[in-house]
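Throughout, protein chains are lettered first and strands after them, A, B, ... in sequence-line order, and every chain is numbered starting at 1.
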2 protein chains.
Amino acid sequence: MTSTTSARPPGRPRSGVNAAVFAATLSTVEELGYARATVDRIAAAAGIAKSTVYRRWPSKGELIVDCLLDAFGPAPLTGSSRAELMTSTIRWVAAKIGEPGVGDAFAGVFSDAVSDPALREILSTRLQDPYRLALQEALDEPENRVLFFIDVVVGVLLHRMGMTGEPMVEADVDALVDMVLPHFTDGRGKM
Amino acid sequence: MTSTTSARPPGRPRSGVNAAVFAATLSTVEELGYARATVDRIAAAAGIAKSTVYRRWPSKGELIVDCLLDAFGPAPLTGSSRAELMTSTIRWVAAKIGEPGVGDAFAGVFSDAVSDPALREILSTRLQDPYRLALQEALDEPENRVLFFIDVVVGVLLHRMGMTGEPMVEADVDALVDMVLPHFTDGRGKM
DNA sequence: TCTTTTCGCTACCTTGGGTATCGATACCTG
DNA sequence: CAGGTATCGATACCCAAGGTAGCGAAAAGA
């Protein structure tokens, strides 16, 4: 039992600085914006060397994706009805994107992905797919409908963030809920 | 009449290559993606020197904004009812973003603006405001509602473009119309 | 022909993502 | 305690791309 599997690889173990790097990433992005939050600066803020960052993440984009995964965490799919479930999901995404640095980092890596197919694939697979699958399960909707739901919620919040530099105010999040819910609940025989 | 105003400045006149630059920008962005569509390559595709580009536009971002303004043109605010007007607007934006290079360029400059407040101001003032004002007039809605409308339509279309690399298919544009229209027409005493 | 302005060209600066190297260090095993 | 192994920090480096500067050539009008 201790030999075939990894009983722990030899050599100096990795120091547990991932959490510090994630925190440094968000605070640096919040302070300087996405483009000026260079890997050098993030590493300095985390108190490590740039080479250590590139030993753990192959690119800045993947670092950001991992950082966002850490920031979002698992989706709290709460609510007994479809309407409650969708409402809480929308508010949860809005709140997360409103957290310091998260919205900027999200919009930044999203835009990098536009001209980087490899990063787009990672963004889609590692970040979007888990939530999409969980929502498909919880809402009992086909893939294309859930993808449309994600396009709407994330797209609107990111557009507002990108255009104004500020997260969407609560009144507009309310409007978003009011707009989305009827489309996904009315006249479809699902409650 | 010929003296006080500009009777034409002396010196060599500017060659009329703006249209060629816009066309070269879109085709280069379509071929290589936003980030790899460098100013050097765009200039080469237009048959001019990079320095000529920077003589006319102070930055790549402003070049793209001008290019998008040229590509979109004035909004065709057609339709006799509010519903028709909003429908045609949504379909017009979707069609434009689906044109070769336009969606990529839009998403690219949008993401650049995330970490560049100056570019964000230009994007908001030069590109968004004209259409926002025209829509406020045509729809007789307050500014915040029109801004929300723009966030929804553009945000969704750009998110789909950024996540998949392809413009939104017609069936989903239909769903977008179906979702947006009731929110802006039902129970509000406006037709 | 002279003046003025834009042109293409080239060389250059700076920033930032990403790589390579190297001595130092931390951990486990014998 | 000695040896092996893998990570660490530091530094130097490569390359692409946005943007600038300077120059002689070309296109107009006067």
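- At whole-Å resolution of the value, CG in B/D112 and P in C/dG16 are 14 Å apart.
- On a pure distance criterion of 3.5 Å, a polar donor-acceptor pair joins the side chain of A/S51 and the base of D/dA10.
- Judged by atom type and distance alone, B/R12 reaches the base of C/dT6 through a side-chain donor-acceptor pair under 3.5 Å.
- Heavy-atom nearest nucleotides on DNA chain D were determined for A/K50 and for A/G11, and the one closer to the 5' end corresponds to A/G11.
- For the pair A/W57 CH2 and C/dG17 P, the interatomic distance rounds to 15 Å; values are reported in whole Å.
- At least one donor-acceptor pair under 3.5 Å links the side chain of B/T89 to the backbone N or O of B/L85.
- The side chain of B/T52 has C/dC7 as its nearest neighbour among C/dG18, C/dC7, D/dA28.
- For A/R56 and D/dT7, the CZ to P distance is 9 Å, given to the nearest whole Å.
- Between B/S15 and the phosphate of C/dC7, there is a side-chain N or O to OP1/OP2 separation shorter than 4.0 Å.
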- Under the salt bridge (charged side-chain N to carboxylate O under 4.0 Å, His left out) rule, what do B/R91 and B/D174 come out as? Steps first, then yes or no, please. CA-CA 9 Å; B/R91 295 194 185 282; B/D174 293 342; 2.9 Å; yes
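- Remark: B/T38, B/V39, B/R41 in residues 34-43 of chain B come within less than 4.0 Å of DNA chain D through at least one heavy atom.
- Per the geometry, OH belonging to A/Y54 stands 8 Å off C1' belonging to C/dG16, to the nearest Å.
- A cation-pi arrangement is absent between A/K60 and A/Y54 under the rule of less than 6.0 angstrom and at most 45 degrees off the ring axis.
- Note on A/R55: every side-chain N or O is 4.0 Å or more away from OP1 and OP2 of C/dT21.
- At least one donor-acceptor pair closer than 3.5 Å links the side chain of A/E84 to the backbone N or O of A/S80.
- Side chain of B/T185 to main chain of B/A83: no donor-acceptor pair is present (N/O by atom type, distance under 3.5 Å, no hydrogens or angles).
- Within the 6.0 Å centre-distance limit, the rings of A/H159 and B/F110 are counted as a close aromatic pair.
- Look at CG on A/D116: it is 16 Å from P on D/dA16, rounded to the nearest Å.
- Using a cut-off of 4.0 Å between Lys/Arg side-chain N and Asp/Glu carboxylate O, B/R160 and B/E166 are scored as not salt-bridged.
- The CG atom of A/L63 sits 13 Å away from the C1' atom of C/dG18 (whole-angstrom rounding).
- Counting atom types as modelled, A/K60 pairs no side-chain N or O with a base atom of C/dG18 as donor and acceptor under 3.5 Å.
- Mapping B/G61 and B/P10 onto DNA chain D by nearest heavy atom places B/G61 closer to the 5' end of the strand.
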